[in-house]
Structure formats: C-alpha cells, structure tokens
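All residue numbers in this chain count up from 1 along the given sequence.
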Amino acid sequence: MHQEVIMAGTGGQGIMVIGQLLAYGAVGEDKNVVWFPSYGPETRGGTADCTVIVSDGQIGSPVTAVPDTLLAMSQIQIGRHASKIKKDGFIFFNSTLVEDPSKECPDCKSVGVPASEIADELGNMRVANMVMLGAFVEVTKSINLDSVCKALTKVLPSHRQDLIPLNEAALRKGAEYAAKLK
C-alpha cells in the first residue's frame, strides 16, 4: 500500500491538523509516513496544504508530482491541485463549499461530502475537517479509522483535549456518510 495525498484548504480550516492525524494514525499502524506542510504567510484565509504519504514500503521523497488523492476544503484549492491527481485518483471535496471538480479532473473519482453541513449538525462548524478525514479514511482504507481516533490525543493540544469526543464523532460521521456512497 502506498497512498500520496494532498490535503488543501485555507488557513483556519484545520488542514495541518488532519494531515498530522493521518500521519500519526499511520505511524500507530507501523507504516512509513511523510507529512510535508505548505502554507501562505497568512494565519487565516491564506492557502494551507500539506502532503501526506503513507506507505508499507520506503518513501523516496516527501514531494509528490502526481498524488493519488486530493482532499479539498476550498474552491481555490481545486483549481490549484485537481489537474495534478493521477488518473483514477480521488478528489474528496466539501460539497457544502466547493463545486464538483469533475470538469477539472475528468479522469478522477469525485467524492462530495457535505462536511460543513454535517459539522453544523454536530454543533460545531470547526469539525468539518474531521468529517472530511473520516470520509477519506473510509473510502481509501489507507489506515484504520480507530488509529486516527487514537491519534487525537497526540495531535490536539492540551487545551483542546476536551474536544476529543466531538472530533471523534465528526470522524465517524464522515466515515458513515462515505460508507453510504458505495
């Protein structure tokens, strides 16, 4: 198994957090991992993306030219990254905020998840990133969802540990939504 993912959005959408969760979850399963962040100088509203590579084998480079998957939380990131995704790769997009990217990458499998809507139903719009990550994990099976949930204690700072149940619920809701798409 070798999965190369670009997770992309704007500052404040929790892109780095879900990238770290995927990375720590994979490490918990004894997989090789690279997490490579990239973001603009703005704290909120600027571009934010990270590359995460998860593999059973060695990883030659933290950079990917043709990733397997794009997880996009904002429309601008579709324009920046969709054309890079390999043929038959996945584009996960927050369908509450982002238009279907099928025209941007006709050879990709588009997976629309109303992440903001689901997060709102859970009572906190800030967990839309977790909904998206849960959907990604369910569809790609790159790691186990329980491994991501266990990683919450390592990734969330001490002053946010009280939000672990909410974040875990959002991850599971995203996975449940994606399971219905099959």
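- Scanning both residues, V131 and A115, for their nearest heavy atoms gives CG1-CA, 3.8 Å.
- Residues that satisfy the salt bridge (charged side-chain N to carboxylate O under 4.0 Å, His left out) test with E168, not counting sequence neighbours, are R172.
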Between side-chain atoms of residues 57-65 and protein atoms elsewhere (two or more places apart, or another chain), which donor-acceptor pairs fall under 3.5 Å?
unit_1, atom_1, unit_2, atom_2, d
S61, OG, V63, N, 3.1
T64, OG1, E4, OE1, 2.3

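- Q13 contributes a side-chain N or O that, together with a main-chain N or O of T10, makes up a donor-acceptor pair within less than 3.5 Å.
- Residues meeting the salt bridge (charged side-chain N to carboxylate O under 4.0 Å, His left out) test with K154, sequence neighbours left out: none.
- The line from CG of N94 to CG of N129 is 10.0 Å long, rounded to the nearest 0.5 Å.
- Both I18 and L156 are assigned to one and the same hydrophobic cluster, defined by single-linkage of ILVMFWY side chains at heavy-atom distances under 4.5 Å.
- Panel note: side chain Q77, backbone G9; a donor-acceptor pair is recorded below 3.5 Å.
- For E29, the side chain to side chain contact (heavy atoms under 4.5 Å, CB included) partners two or more places apart in sequence, or in a different chain, are K31, I143, N144, S147.
- The distance from the OG1 atom of T96 to the CE atom of M125 is 7.0 Å, given to the nearest 0.5 Å.
- Shown are V127, L122, V17; of these, the side-chain contact (heavy atoms from CB on, under 4.5 Å) with N167 is made only by V127.
- Distance check: L22 CG to I53 CD1 gives 11.0 Å after rounding to the nearest 0.5 Å.
- In this structure, Y177 has no ring pair (Phe, Tyr, Trp, His ring centres under 6.0 Å) partners at least two apart in sequence or on a different chain.
- Here the shortest heavy-atom pairing between G25 and A151 reads N-CB, 3.8 Å.
- Between L171 and L152 there is a side-chain heavy-atom pair separated by less than 4.5 Å.
- Taking CG from D56 and CD from Q3, the interatomic distance works out to 11.5 Å, rounded to the nearest 0.5 Å.
- A salt bridge (Lys or Arg N to Asp or Glu O under 4.0 Å) check over residues 77-100, counting only residues at least two apart or in different chains, returns the pairs D49-R80, D68-K86, E99-K103.
- E138 is not listed as a side-chain neighbour of L181, based on a closest heavy-atom distance of 4.5 Å or more.
- Every residue was checked against the side chain to side chain contact (heavy atoms under 4.5 Å, CB included) condition with S83, not counting sequence neighbours, and none meets it.
- In this structure, CD1 on I164 lies 4.0 Å from CD on Q161, to the nearest 0.5 angstrom.
- A single hydrophobic cluster is not seen to contain both V34 and V52; linkage of ILVMFWY side chains at heavy-atom distances under 4.5 Å, directly or through other members, places them apart.
- Proximity of W35 to M16: side-chain heavy atoms (C-beta onward) are separated by under 4.5 Å at one or more points.
- Applying the ring pair (Phe, Tyr, Trp, His ring centres under 6.0 Å) rule to pairs touching residues 95-152 yields F92-F136, sequence neighbours excluded.
- Once rounded to the nearest 0.5 Å, the distance linking OG of S55 with CE of M1 reads 6.0 Å.
- Across every non-hydrogen atom of G11 and A48, the tightest pair is N-CB, 3.9 Å.
- Applying the disulfide bond (SG atoms under 2.5 Å apart) test to C149 and every residue at least two apart in sequence or in another chain returns nothing.
- Cluster partners of L70 are I6, I78, I85, I91, F93, L97, V98, counting Ile, Leu, Val, Met, Phe, Trp and Tyr whose side-chain heavy atoms approach within less than 4.5 Å, directly or via other members.
- I76 shares a hydrophobic cluster with no other residue; no ILVMFWY side chain has heavy atoms under 4.5 Å from its own.
- Looking at residues two or more places apart in sequence or on another chain, you find no salt bridge (charged side-chain N to carboxylate O under 4.0 Å, His left out) involving K109.
- Of all heavy-atom pairs between N124 and R126, the closest is OD1-N, 2.8 Å.
- For the pair V33 and A23, the tightest heavy-atom approach, listed with the atom from each and the gap, is CG1-CB, 3.4 Å.
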Given side chain to side chain contact (heavy atoms under 4.5 Å, CB included), test L166 with M130 step by step and report yes or no.
CA-CA 9 Å; L166 172 63; M130 298 295 171; over 6 Å; no
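- Across S95 and P114, no two heavy atoms sit closer than the pair OG-N, 3.1 Å.
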